[in-house]
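For reference, the structure discussed in these notes is given below.
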Amino acid sequence: MNEQEDKEVAMAKTETCVEQSQRLVFAVNGERFELSNVDPSTTLLQFLRLQTSFKSVKLGCGEGGCGACNVLLSKYDSNLKQVEDYKINSCLTLLCSLNGCSITTTEGLGNSKDGFHSIHQRFAGFHASQCGFCTPGMCVSLFSALNNAEKTHRPEPTPGLSKLTISEAEKSISGNLCRCTGYRPIADVCKSFASDVDMEDLGLNSFWKKDAKLDKLPFYDPKQICTYPDFLKNEFRSTTVLNNADKSWYSPLSLQELGVLMQVENGGTVKLVAGNTGIGYYKETEHYDKYIDLSPLSLQELGVLMQVENGGTVKLVAGNTGIGYYKETEHYDKYIDLRFIPELSVIKRTGSYIEFGATVSISKLILALREEKNEDLVLKKIASHFEKIASESIRNLASVGGNLVMAQRKSFPSDIATVLLAVESKVTILTGVGKEFLTLEEFLAKGDIDSRSVLLSVHIPYSKVLKNGFSENSNAKLLFETYRASPRPLGNALAYVNAAFSADISMSDSGVVVNSIQLAFGSFGVKHAIRASTVEKYLVGKTLSVGSIYEALKFIKADVSPDKGTSHPAYRSSLAVSFLFEFLMPLVDAGVSNINGGIHIADECERKTLLSSAKQVIESSKEHFPVGEPIQKTGAAIQASGEAVFVDDIPSPLNCLHGAFICSTKPLAWVKGINLKSEKDVNSIVSFKDIPKGGDNIGAKTVFGPEPLFANDLTECAGQRIAFAVADTQKNADVAAETAIIDYNTEDLEPPILTVEQAVERSSFFEVPSMLYPSQVGDFAKGMAEADHQIHSEIRLPSQYYFYMETHTALAIPDEDNCMVVYSSIQVPEFAQSVIAQCLNIPEHNVRVITRRVGGGFGGKAIKAMPVINAGMSTDISPIMPWNMIGALKKYDFGAFSFDFKICKTNHSSKSAMRGPGEVQASFIAEAVVEHVASFLSKDVGVVRETNFHTFDSLRLFYGDNSAGEPLEYTLPTIWDKLMKSSNFDYRVGMVNKFNENNRWRKRGISRVPIFHEVSLRATPGKVSILRDGSVVVEVGGIELGQGLWTKVKQMTAYCLSAVQCDGVDRLLEKVRIIQADTLSMVQGGFTAGSTTSEASCEAVRLSCNILVERLVPLKDKLKEQMGSVEWDFLIMQANFQSVNLSASAYFVPEFTAMRYINYGAAVSEVEINILTGETKMLQTDLIYDCGKSLNPAVDLGQIEGAFVQGIGFFMLEEYLTNSDGLVVADGTWTYKIPTIDTIPKQLNVQIVNSGPHKKRVLSSKAVGEPPLLLSSSIHCATRAAIKEARKQLCSWKGVILDGSESMFLLDVPATMPVVKTLCGLDNVEFYLQSMLSS
């Protein structure tokens, strides 16, 4: 049969399959779905959210990096008769790839109607859900781990537990992000299911106060949930062909069939699909005409599909995870799913190598490498390294071939390419001329591989190494090691540099001889991973010595040289030096025989648990029961089960339009016009010209003035909103906005102001109202004149990205009589109402803004709920910064205090309030001053801190009588002493010193830091209504952001109404419901910000309840005389009969003398830095915070831990990067790294001090939302202490006499790995070797 006949047969088979299978069948939570007309570019997330009732699957990052969209995917293997389950990111998974699959979301585990799953119950009971937006994804991640652990052959656990280990349980959520909790309670939930858990090690929960026992936990039944319904097992599986308009999806079963499908006419485009995870990085904004699931069943079939005519485009799809990184904007004619072609999904083992098809997922490859029967240690080491790539949900989808193709075509910084390069792997590719067999090095360097070429398989050679590291047939020993330096130890972060080294060595009389060596480096800012050939050639045949290693390291910087424009180039080159030094130096120190088997399979730290048992010490009070009790957060269980409704979960009405902002990319320019790449999917473009007649161009306003909704003809900062793209779907609107081309002109304009220096030079400032400008303290001139020393320094602090899990969302629905109902995720609905009315030129009573809950805010949803960025040409709330900053700077008794504040007006994006605005930065500055003074005077920094502690008299001088309060309210000295003992501070200082003496490449630091945080109460409304059945409904101005405001208000309502003193009031808590904020029902709602809204709302409710109690008590007394006892429900029924007003509202206005007060706390933190890489491990933090008399210790504990961890992000991890025009360029999960479970203190001990009574406070309580965040500076200060030790050591290597100058340095914020390594010495390895050579 000739080639043409083959093609005709394949086409005929394809056409037959098309007739049989133009349908997509799958299940979601046991419900069957059958579709025949699907847009191939539709993701599973889009389908679930738009076409089903399952809204727990959240759109967070859209990159596969946050875990909010996680679901469980289940497939049935008809040959093995078993179900395969694994978690995936639904935002990356293409719906068409799910034929015959079953999806389980958190709704499928349980709900409030049928009963919650034990996962849901434990999340609620361990206080592990705050805003709740991330919780459904967390639940699915944990369920996936539990489900797969049950399939192992481990011993059966105690009933109620699972087969998971503690380590596995913690790591199950390592790919999930949370911005609220600080992770510790979530980790406790996960560990509570582990077979090896010690119940006593679990933290605060509502299941027990003492006597921790398994039977007190909600029972876990591993057989409760069926993940794959029987009806799917009988579905016919064949080539799936789905057509939608001019786009197609194919799942061919052979390479021959694939070749037929690749024929596209009239310039169409084709997308081949396997996992689709690439869209998490490469954002896809293009539509494809044909999608081909890489499910063809043979290479012949694939070849036919790959034929494309007239410039058509094809997308081959395996995991599709690449779209998470490379944001696609192209349209394809065909999508081809490659996963079912046997040649592409096979894993074969021969005598000399293991071969795996290109569509094999990274997770399956890891499993195959670990299961190698010949105990190949190199393969196991490779598997260990691959577990640090991305997250598990990405690895479950992402194909190895897709990863390598991205590395080859798009310069993706791949770990896989680097590691496989070091073991001399090979690849097979299919091109138009047939198959090619290439080394991986040749493949990566090959420049002519087009989109129609297909990577077929990868070959990894066996190492043939015995367990002791020696080769089978020689006395040589093989060394193999991999390295990666990244912001997160467990992955889910690209590496600054990755490396893999393989060396064949033997022992001679003069030492260790290098017989052969392969050194691969990647991710350092070049096109692809490379072999360091110059160094390899130098080392082969050499006897290793200090001198030869020193010479080799000289060559490495030439081989590993980042391209121009790469961030931190010197640091990356230094890492390459450190990795090679770490690989070779032990051979000089120990020799061949003492190298532990040659290959280390896993670090000890990798096998241990991430977190140690931590202590939470709280004091609950019965005085105002149920206020003061650590009850569960209201709504926590329904947040876990996915039933809690966020704004984006509200079903869109019929014919609803969607929009996305088109933003400026220039800091100062005339806008001449906007051109869309394609107008067919766009309804309209709205700009300032479309604002209704009489309406204002206003997008936000504060007491300091308004901000425009759109730029007019002049854009004044990068990121300013220019227009609004409106389309029939959110996807089309997003694509239109992202691909819009703006025509600029800069004629007759001065250069933009992009720095503080430029603003000062051109006197570009905002005015600070005199009432907000703080007063000077003491006689500064006299103090300076009398000072023994004067120290001058400059500190620059960056911004912090909000990174709330729920992005800005609003739904506007026109109502009758020219009215508008708006559902918004905003912290200040009242302001949104006013702005909308002013913009539309309608009365405010025509605008109703409703906010039920917000998925994290941190100030970012206060002033502007819709705009994406705060324009630098506007004030926002910047004029409050002097007041906030001075309040925090005055934490020490500086004797006298003088300052000059300028609020600069720039064309850079200015910032709105972020949790603790100004206070976080100023508190750090105060600590930097103390640290600098201590270094200058060569004194212990702790002594300098204590010397400058406030007395109560100096406190009154600096803060005033009202804020300082009574002497007994100044609890910091007591807290400081208590922390000294509880943290065992003195002993640990000694242990840190001993560690530093005995460790060359790791140094530890410990620091103890106090906080002062002044807060202010604001006027707040409340309303309490009692319904006919005795249930109670409450409205407050405050918005539930996850901070537990509703919970505290609920407790306060139950306590205050119990003053009626009738039977049944002890059960009032379960009768109270807090309802959503509604600007037409609850006016003057005000801000939910500044940490005091919860207590102010509680006070407003207390006042309302007091009114109701006054009305009810006379009736109760009368009924009691008649009946002897009165039940609550009966009392309310009688009150209705007698027309007693059962609704009362109040507006709490704080007294001037009680408006402001100070919060106190202190923390001890201990860290360990790796001076070879700059990595900082947070070992332990002990924290004490004064809550007054806590309204709810469990809620307050969560706020303390969450704020502290968010502060860790600011001080240590989160780089707020902009380009030269001031446009934010690090705003996604790939580029902006918030803390994760592997980057928080291993042990976080928290003690809440219940001080008081405080007569002027709400039931003696104090604020807790923002102040604890300031305590995280203790981590930064401890890191500085560790760096100081490293710098002393570096001086000794250099032969420099210590004179104190090594201690005079500023540690940047954030203290990222490059920052730490730079201060420890980018060339510390070289200086160490020089010192060795000279000695």
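The figures that follow rest on heavy atoms only: side chains count, while hydrogens, waters and symmetry mates do not.
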Under 3.5 Å, sequence neighbours excluded: what are the donor-acceptor pairs made by side chains of residues 576-587?
from   : atom 1 : to      : atom 2 : distance (Å)
Ser578 : OG     : Ser574  : O      : 3.2
Ser578 : OG     : Leu1172 : O      : 2.8

Inset, instruction - Before giving the answer on side chain to side chain contact (heavy atoms under 4.5 Å, CB included), spell out for Gln1289 and Asn996 the whole-Å C-alpha distance, their side-chain angles and the decisive distance to 0.1 Å. - result: CA-CA 10 Å; Gln1289 179 178 262; Asn996 290 336; over 6 Å; no

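- Taking 4.0 Å as the cut-off between side-chain N and carboxylate O, Glu1168 and Arg1004 count as a salt-bridged pair.
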Legend entry - Pair Leu490-Leu610, side chain to side chain contact (heavy atoms under 4.5 Å, CB included): steps then yes or no: CA-CA 10 Å; Leu490 287 184; Leu610 296 173; 3.7 Å; yes

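- Checked against the 6.0 Å centroid criterion, the rings of Tyr496 and Tyr571 qualify as a close aromatic pair.
- Side-chain polar atoms of Ser1165 and Ser1274 form a donor-acceptor pair below 3.5 angstrom.
- For residues 1286-1296, the pairs satisfying salt bridge (charged side-chain N to carboxylate O under 4.0 Å, His left out) are Glu1285-Lys1288, with sequence neighbours left out.
- Judged as a side chain to side chain donor-acceptor pair (under 3.5 Å), and not counting sequence neighbours, the contacts of Ser548 are Ser545.
- With hydrogens and angles disregarded, no donor-acceptor distance shorter than 3.5 Å links the side chain of Asn1170 to the backbone of Gly1174.
- Side chains of Leu494 and Thr1231 form no contact here, defined as non-hydrogen atoms less than 4.5 Å apart.
- Looking at Ile1171 and Lys1317, their side chains never come closer than 4.5 Å, going by heavy atoms from C-beta outward.
- Using modelled atom types, one finds a donor on one side chain and an acceptor on the other under 3.5 Å when comparing Thr1229 with Glu63.
- There is a side-chain donor-acceptor pair under 3.5 Å between Ser923 and Lys891.
- Using modelled atom types, one finds no donor on one side chain facing an acceptor on the other under 3.5 Å when comparing Gln1180 with Glu1166.
- One distance of note links CZ of Phe1211 with OG of Ser1273; it measures 5.0 Å at 0.5 Å rounding.
- No side-chain N or O of Ser523 forms a donor-acceptor pair with one of Arg484 less than 3.5 Å apart.
- Exactly one of Ile1283, Ile1169, Thr1279 qualifies for a side chain to side chain contact (heavy atoms under 4.5 Å, CB included) with Leu1319. That residue is Ile1283.
- Put simply, the side chain of Glu757 does not reach to within 4.5 Å of the side chain of Val760, judged on heavy atoms.
- Taking 4.5 Å as the limit, every side-chain heavy atom of Arg179 sits out of range of all side-chain heavy atoms of Arg915.
- Val1167 is listed as a side-chain neighbour of Ile1275, based on a closest heavy-atom distance under 4.5 Å.
- For the pair Lys388 and Phe386, the cation does not sit on the ring face, since its NZ or CZ is not both under 6.0 Å from the ring centre and inside 45° of the axis.
- Residues satisfying the side chain to side chain contact (heavy atoms under 4.5 Å, CB included) criterion with Leu797, sequence neighbours excluded, are Ile795, Gln921, Phe924, Ile925, Val1309.
- Aromatic pair Tyr802/Tyr1232: centroids not less than 6.0 angstrom apart.
- Remark: Thr418 engages Asn498, Ala520, Ala529 in a side chain to side chain contact (heavy atoms under 4.5 Å, CB included) (not counting sequence neighbours).
- Looking at Leu177 and Phe803, their side chains come closer than 4.5 Å, going by heavy atoms from C-beta outward.
- Under the rule for a side chain to side chain contact (heavy atoms under 4.5 Å, CB included), the partners of Lys554 that lie at least two apart in sequence or sit in another chain are Tyr550, Glu551.
- Looking at Leu1322 and Asn1324, their side chains never come closer than 4.5 Å, going by heavy atoms from C-beta outward.
- Under the 30°/60° scheme for interplanar angles, the aromatic rings of Trp1001 and Trp1293 are found to be tilted.
- Here Glu1175 does not pair with Lys1177 in a salt bridge; the nearest charged N to carboxylate O distance is not below 4.0 Å.
- Geometrically, Arg1008 engages Phe985 in a cation-pi contact defined by less than 6.0 Å to the ring centre and at most 45° from the axis.
- To the nearest 0.5 Å, the span separating OG1 on Thr755 from CG on Asn907 amounts to 11.0 Å.
- Taking 4.5 Å as the limit, some side-chain heavy atom of Pro1235 sits within range of a side-chain heavy atom of Leu1213.
- For the pair Arg572 and Phe521, the cation-pi criterion (under 6.0 Å, within 45° of the ring axis) is not fulfilled.
- A donor-acceptor pair is defined here as one N or O able to donate and one able to accept, closer than 3.5 Å; no such pair exists between the side chain of Thr566 and the backbone of Pro562.
- A distance of 4.5 Å separates OG1 of Thr1312 from CD of Glu1215, quoted to the nearest 0.5 Å.
- With respect to the salt-bridge test (charged N to carboxylate O, under 4.0 angstrom), the residues Lys1233 and Glu1214 do not qualify.
- In this structure a side-chain-to-backbone donor-acceptor pair under 3.5 Å is missing from Asn492 to Arg488.
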